[in-house]
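These notes are about the structure you will find just below.
Each chain gets a letter, A, B and so on, in the order the sequences are listed, and its residues count up from 1. Source: prediction; values computed, not measured.
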There are 2 protein chains.
Amino acid sequence: MPAAVRQIETVVKDRALIERRHVQICDAALHLFARKGYHLTSVREIAQAAHLSVGALYTYIKSKEDILLLVYRRILNLFQVKMSETIVESGDPTAQLRAGIEATLTLYDDYHDLILVLYQESHTLRKEALQQLFGVDRQYVSMFQAIIERGNRKGHFVAEDPNLAAIMILFLCAVWPLKRWNLKKYDLATVSDGVVGILLNGIGGGHGLRNDRAAD
Amino acid sequence: MPAAVRQIETVVKDRALIERRHVQICDAALHLFARKGYHLTSVREIAQAAHLSVGALYTYIKSKEDILLLVYRRILNLFQVKMSETIVESGDPTAQLRAGIEATLTLYDDYHDLILVLYQESHTLRKEALQQLFGVDRQYVSMFQAIIERGNRKGHFVAEDPNLAAIMILFLCAVWPLKRWNLKKYDLATVSDGVVGILLNGIGGGHGLRNDRAAD
DNA sequence: CCATCCTGAACGAGCGTTCAGTCAGCGGAG
DNA sequence: CTCCGCTGACTGAACGCTCGTTCAGGATGG
């Protein structure tokens with residue numbers, strides 16, 4: 001994201017009020033989107049939940065899509081902040097990776113509805129808005145990638161392609177919100193351990209390493 | 001799925017014709033859903049693409065949701081068939097797992113649009129229809145689970161919780177269709193190797209196995 | 001009494017769904 | 001062979017509804 005995030009144009013002048021209202025709208029939309037999805041949530045419902053009239057709502061946004069964008073931006077900002085905090089704190093790469101994964105899973109747990117919306121509705125956004133999201137996503141991936149590269153250098157990891165590994169690690173964390181119905185019998189801690197375990201050691205327990213590819 | 005899959009009620013009598021038309025409708029809807037998503041595709045569009053009038057279409061389905069169900073059933077059936085074929089063929093658990101993962105990824109590649117629809121729109125279905133999907137999903141998971149359990153017994157794998165492992169493995173395969181924009185620079189073979197590699201050995205290369213949990 | 005913010009009825013478009021009507025094909029009666 | 005009536009599949013205009021969006025007018029406070 002080279003340029004600053006484009007502001008959503010509004011009719012209202014008072015900047016502080018705009019900010020307050022945007023938070024209001026976000027909160028309202030967040031819950032509704034999570035429960036019913038973007039398409040099945042009407043602007044009227046969002047307005048009502050945000051304690052605004054439809055007209056008032058439309059002085060703080062230009063279109064319904066802006067609301068989705070508002071929600072996405074908020075959640076992604078939050079994630080970036082929390083993650084950079086977590087990663088800095090812990091020292092050796094393995095602990096760092098574990099911390100990163102656990103933090104991500106905790107965030108995904110807190111905002112599991114939002115993750116669903118993120119995965120389910122991002123195709124709704126226009127090209128330009130999508131590019132913004134991709135940018136944030138890439139940043140998130142590169143945080144993990146950096147950890148892995150450091151771990152490779154220090155001899156803790158042997159990831160051939162740190163970028164690919166980072167993408168997969170981050171994606172695997174999404175199993176918690178996205179496959180909730182499949183994981184009903186597990187709690188967050190169990191899944192967290194499972195994810196960390198499989199990512200560090202796989203299920204092979206170190207038997208027949210890289211070279212068993214030649215067997216087939 | 002204890003009971004047989006409930007048939008979609010139709011007005012038309014001729015069973016063979018119904019089957020033919022359902023295939024027609026599936027094909028048409030499949031492409032439209034993949035391109036625009038379920039909500040943004042109108043019944044009129046589907047009818048046109050299926051070379052049917054709106055009225056005729058409605059003699060083969062009861063509601064728009066039936067079309068989504070039709071599409072889901074087809075794709076899931078296809079997956080199950082292809083997967084059971086693949087798994088049976090290969091012998092030792094490691095090869096079997098690899099074959100399963102590669103087959104899943106290939107299927108996900110062939111039908112990547114469909115996987116997107118599956119993940120993005122399943123919250124649209126009513127409870128009853130969702131239960132059907134979950135049932136199929138569980139079967140799919142248990143195919144992988146069986147492989148892992150056999151591998152554990154034979155000493156190839158050391159997965160503590162085969163069910164959790166199976167869920168994660170299957171989910172990780174979805175990275176290919178769901179994170180396409182992130183994986184643009186990779187091809188299927190590379191991602192396939194990456195997924196198999198990380199699942200068998202993790203990124204730790206066998207260093208500091210299970211017990212490094214105690215370090216934090 | 002203006003500037004600023006808010007209200008909610010109204011608008012046009014598009015949706016999923018229906019149904020009165022059309023028509024091809026077929027079997028039996030003349 | 002022709003005609004008739006009938007069945008079963010198809011047509012597409014029409015219906016009722018809800019949607020996202022707008023805007024003339026009301027309220028409020030400085």
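Note that OG of A/Ser192 and CZ of A/Arg98 are 8.5 Å apart. Values are rounded to the nearest 0.5 Å. Distance check: A/Leu68 CG to A/Leu30 CG gives 10.5 Å after rounding to the nearest 0.5 Å.
Residue A/Tyr60 places at least one side-chain N or O under 4.0 Å from the OP1 or OP2 atom of C/dC6. When the side-chain nitrogen and oxygen atoms of A/Tyr58 are compared with OP1 and OP2 of D/dT22, none of them lie within a distance under 4.0 Å. Contact check, B/Arg21 against D/dA9: no side-chain N or O comes under 4.0 Å of OP1 or OP2.
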Are there any protein N/O atoms within less than 3.5 Å of an N/O atom in nucleotides 23-26 of chain C, and if so, which ones and at what distance?
none

Could you list all N or O pairs between the protein and nucleotides 7-13 of chain C that sit under 3.5 Å apart?
unit_1, atom_1, unit_2, atom_2, d
C/dT7, OP2, A/Ser53, N, 3.1
C/dT7, OP2, A/Ser53, OG, 3.0
C/dG8, O6, A/Gly55, N, 3.3

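DNA chain D lies under 4.0 Å from at least one heavy atom of each of the following residues of residues 34-42 of chain A: A/Thr41, A/Ser42.
For A/Gln48 and D/dT18, the CD to P distance is 15 Å, given to the nearest whole Å. Across the protein-nucleic acid pair, B/Arg126 atom CZ and C/dG16 atom C1' stand 14 Å apart, rounded to whole Å. The CD atom of B/Glu19 sits 15 Å away from the P atom of D/dA9 (whole-angstrom rounding). Separating the NZ atom of B/Lys62 from the C1' atom of C/dG16 is a distance of 15 Å, rounded to the nearest angstrom. Regarding A/Lys64, its NZ atom lies at a distance of 15 Å from the P atom of D/dT18, rounded to whole Å. For the pair A/Ile67 CD1 and D/dC19 P, the interatomic distance rounds to 13 Å; values are reported in whole Å. Nucleotide D/dG20 holds its P atom 9 Å from the CD atom of A/Glu45, rounded to whole Å. As a whole-Å value, the separation of A/Glu65 CD from D/dC19 P is 18 Å.
Shown here are the ring-ring contact (aromatic ring centres under 6.0 Å, His included) partners of A/Tyr38, two or more places apart in sequence or in another chain: A/Phe33. With sequence neighbours left out, B/Leu76 forms a side-chain contact (heavy atoms from CB on, under 4.5 Å) with B/Leu133, B/Val136.
A 6.0 Å sphere centred on CD of B/Gln48 holds no more than 12 heavy atoms belonging to other residues, nucleotides or ligands. With a 6.0 Å radius and a threshold of 12 heavy atoms from other residues, nucleotides or ligands, B/His31 has its NE2 atom at or below the threshold.
Minimum interatomic distance between A/Arg74 and A/Val23 (heavy atoms only, all atoms of both residues): NH2-O, 3.8 Å.
Listed by first and then second residue, the ring pair (Phe, Tyr, Trp, His ring centres under 6.0 Å) pairs involving residues 129-148 of chain A are A/Phe134-B/Trp181 (not counting sequence neighbours).
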>> Under the criterion side-chain contact (heavy atoms from CB on, under 4.5 Å), I'd like the reasoning laid out for B/Arg73 against B/Leu69: C-alpha separation, chi angles, the key distance, then a yes or no.
In response: CA-CA 6 Å; B/Arg73 276 191 202 157; B/Leu69 208 63; 3.4 Å; yes
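The pair A/Arg180-A/Asp109 meets the salt-bridge criterion, since a charged nitrogen lies less than 4.0 angstrom from a carboxylate oxygen.
Listed for the A/Gln145 side chain is no donor-acceptor partner under 3.5 Å among the backbone atoms of A/Ala166.
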